[in-house]
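For reference, the structure is listed below as C-alpha cells.
Note that ligands are numbered from 1 as they come in the structure, with each ligand's atoms numbered from 1 the same way. Values below: all heavy atoms of this structure, side chains included; hydrogens, waters and symmetry mates excluded. Not measured: the values here are computed from a predicted model.
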Amino acid sequence: MSALSYVSQDKDSAWATWLSQVDRVVPYLGDLAPWADTLRHTKRALIVDIPLEMDDGTIRHFEGYRVQHNLSRGPGKGGVRFHPDVTLEEVMALSAWMTVKSAVLNLPFGGAKGGIRVNPRELSAKELERLTRRYTSEIGNIIGPQQDIPAPDVGTNAQIMAWMMDTYSMNVGATTTGVVTGKPIHLGGSLGRVKATGRGVYITGIAAAQRIGLEIHDCSVAVQGFGNVGSVSAALFYEAGARIVAIQDHSATLWCESGIDIPALTEWQRENGTIAGFRQAETLRSDDFWLKAYDILIPAALEGQINAERARNLNCRLVLEGANGPTLPAADDLLRQRNITVVPDVICNAGGVTVSYFEWVQDFSSFYWSESEINQRLDRIMNDALRDVWLQAEKLNVTLRTAAYAIACERILIARKERGLYP
Ligand code: NAD
C-alpha cells in the first residue's frame with residue numbers, strides 16, 4: 001500500500017494498481033532497483049478550485065487537478081479528463097502510466113495527467129468554455145511547451161484544447177500552439193491525431209493476433225466504449241474484415257453474432273447522441289458483455305473494468321487495452337494462467353501520445369507533415385515497440401505488461417540516475 005498520506009488504502013484503486021505493477025517489475029531492474037521508489041511518488045500534484053458562474057447566474061465550484069508523475073526524460077505529457085468520478089488518486093495513476101507509455105515508445109517526455117470532477121454533458125457550451133479557461137489559468141504556472149503539454153482524454157476534445165491553447169497564449173502574451181496537443185488542424189493540430197489512439201490499438205492488435213495465430217478476418221471482436229478510442233478501433237477492425245459482435249457504452253450493450261454494421265452504428269450515434277436504441281443489434285444486460293464468447297476484447301472506456309471475476313469467465317484469446325488501466329492486477333494473473341494474451345495499455349493505446357509527439361514537433365518547426373507520412377511513422381514506431389516488448393517478454397518469461405515496464409522503467413531510472421538528485 002502507498003506510503004503517501006493523501007492516497008486511500010483502497011486495494012482496487014488505480015493508484016494501488018500502479019503500485020502493484022511497479023512491485024512486479026522491480027525484480028527485473030538489476031542495479032536500478034534502488035531507484036524504483038521514485039516511481040511510487042508523483043513529482044508534483046496540484047489541486048485547484050474552479051469557481052464557475054453558471055448560465056442561470058448561480059456559482060458552482062469544481063475540483064481540478066494536474067499531476068506530473070515523472071519528468072526525468074522530458075516535459076510532462078498527458079491528457080485532461082472531464083468526468084464526475086475523477087479523483088486526485090486516479091489522476092496520479094493516469095500520470096504514472098503516461099511516464100511508462102512515453103518511455104516504452106522512447107518519446108522524449110515524462111508523464112502527467114489532469115482532470116476536473118465534472119459531468120461535461122450537464123454544462124452548456126459557454127459554461128464548458130469558462131470552466132476550461134479558468135482551469136487552464138489555474139494550472140498555467142506548471143504547464144508549457146517545455147514543461148508539461150496537456151491533450152484530450154475522456155470527456156475532452158479538440159475544441160477544449162483550442163480554449164486551453166488560447167487561454168495560455170493570452171496569459172503569456174504570445175500564441176503558443178505547442179502548449180497542448182490534439183488541437184483543431186487550423187490551430188496547429190496534426191493530421192491523424194483524432195484517429196491515432198484507435199489506430200495504435202489496431203496496429204498492435206493485428207501484430208499480436210498474428211503472433212498468437214489469429215486471422216483477423218476470422219475473428220470476432222467485442223469493444224467496451226464507443227468514444228474516440230473504441231469507435232475508431234471498432235471501425236478499423238470492421239474494415240479489416242473482423243466481425244464486431246459486441247459494443248458496450250455507458251448507455252447500452254449491443255450484440256449481433258453476425259457482426260454489427262459499424263458505419264451504421266456510428267451514424268446512429270451521430271444522430272441520436274447514444275448507441276442505445278440501435279435496432280440492427282440485440283440489447284443485452286450489461287454484465288452479459290463479459291460472459292459472451294469472442295476472440296478479441298477491446299476495453300476502451302474506463303479503468304478497473306476487468307476484475308478477477310470477469311477474468312475467470314472471459315471467453316476470448318486476446319485483450320487489447322485501449323483504455324488506461326482496465327485490468328486489475330489479480331485479473332492480470334488469472335488471464336496469464338488462462339493463456340489469454342493482454343497487450344497492455346502502455347503500448348496498445350500509445351498511438352495518441354505518439355501522434356501528439358509528432359504534433360508538438362510540427363508546432364516547434366511550423367512545418368506540417370502529410371497524413372500518410374504521419375501514419376507510416378506511427379505504424380513503424382508502434383510495430384517496433386510491440387516487437388521489442390514481445391521479445392523482452394519471451395526473454396524474461398513474463399507478461400507483455402511486465403516486459404513493457406521493464407523496458408520503460410530502465411529508461412526512466414537511467415535518466416533519473418544520470419541526472420542525479422538536486423541539490
Ligand atoms: P471518450 O470520452 O471519447 O469515450 C469514452 C467511452 O466510454 C464512451 O463511449 C462512454 O459511453 C464509455 N463509457 C463510459 N463509462 C462507461 C461504463 N461504465 N461502461 C461502459 N462504457 C462506458 O473517451 P476516449 O478518449 O475514447 O478514452 C477512452 C479510454 O481510452 C480512457 O481510458 C482513456 O484514458 C484512454 N485513452 C484515450 C486516448 C485518446 O487519445 N483519446 C489515448 C490513450 C488512452
Do any heavy atoms of H83 fall under 4.0 Å from ligand 1?
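It does not; every heavy atom stays at 4.0 Å or beyond.
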State if Q305 counts as touching ligand 1 under the rule of any non-hydrogen atom under 4.0 Å.
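Checking ligand 1 against Q305, which is what was asked, there is no heavy-atom contact under 4.0 Å.
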Candidate pair T17 and S20, rule side chain to side chain donor-acceptor pair (under 3.5 Å), full reasoning
CA-CA 5 Å; T17 297; S20 149; over 6 Å; no
Angle class for the [X]/[Y] ring planes (parallel below 30°, perpendicular above 60°, tilted otherwise)?
X: Y294; Y: F289; answer: tilted
X: F358; Y: W369; answer: tilted
X: F278; Y: W268; answer: perpendicular

Polar-atom distance check: G227 versus ligand 1, any N or O pair below 3.5 Å?
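Yes, since at least one N or O of G227 sits under 3.5 Å from an N or O of ligand 1.
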Could you identify the single nearest non-hydrogen protein atom to [atom] and state the distance to 0.1 Å?
atom: atom 44 (C) of ligand 1; result: N324 ND2, 3.4 Å
atom: atom 17 (C) of ligand 1; result: H250 CA, 4.2 Å
atom: atom 31 (C) of ligand 1; result: A301 O, 3.0 Å
atom: atom 27 (O) of ligand 1; result: V154 CG2, 3.6 Å
atom: atom 26 (O) of ligand 1; result: V229 N, 2.9 Å
atom: atom 19 (N) of ligand 1; result: Q224 NE2, 3.7 Å
atom: atom 30 (O) of ligand 1; result: G322 O, 3.4 Å
atom: atom 3 (O) of ligand 1; result: N228 N, 2.9 Å

Does the pair [X]/[Y] count as a salt bridge with the N-to-O cut at 4.0 Å?
X: K113; Y: D153; value: yes
X: D23; Y: R40; value: yes
X: R199; Y: D379; value: yes
X: E138; Y: R66; value: no

Is the centre of the F109 ring less than 6.0 Å from the centre of the W360 ring?
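Between W360 and F109, which both carry aromatic rings, the centre distance is below 6.0 Å.
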Going by the order shown, which atoms of ligand 1 are within less than 4.0 Å of some heavy atom of [X]?
X: R81; result: 31 (C), 32 (O), 33 (C), 34 (O)
X: L302; result: 15 (N)
X: G155; result: 2 (O)

Is there a donor-acceptor pair closer than 3.5 Å between any side-chain N or O of R401 and the backbone N or O of V343?
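No; zero donor-acceptor contacts below 3.5 Å.
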Can you tell me which portion of [X] lies within the under-4.0 Å heavy-atom range of ligand 1? Options are side chain, backbone, both, or neither.
X: R193; value: side chain
X: P326; value: neither
X: T197; value: side chain

Determine, counting only non-hydrogen atoms of the protein, whether one lies under 4.0 angstrom from atom 15 (N) of ligand 1.
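Yes, there is a protein heavy atom closer to it than 4.0 Å.
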Which of the listed options, N157, T274, V232, D249, holds the heavy atom that is closest to atom 20 (C) of ligand 1?
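Selected option, by shortest heavy-atom distance: D249.
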Considering F82, F226, W97 one by one, which has a heavy atom nearer to atom 9 (O) of ligand 1 than any of the others?
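When every heavy atom of F82, F226, W97 is considered, F226 comes closest to atom 9 (O) of ligand 1.
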Set of salt bridge (Lys or Arg N to Asp or Glu O under 4.0 Å) partners for E129, sequence neighbours left out
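For E129 the salt bridge (Lys or Arg N to Asp or Glu O under 4.0 Å) partners, ignoring immediate neighbours, are K126, R133.
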Let me know which of T42, T99, D148 forms a side-chain hydrogen bond (donor to acceptor under 3.5 Å, both in side chains) with Q68.
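Only match with Q68 under side-chain hydrogen bond (donor to acceptor under 3.5 Å, both in side chains): D148.
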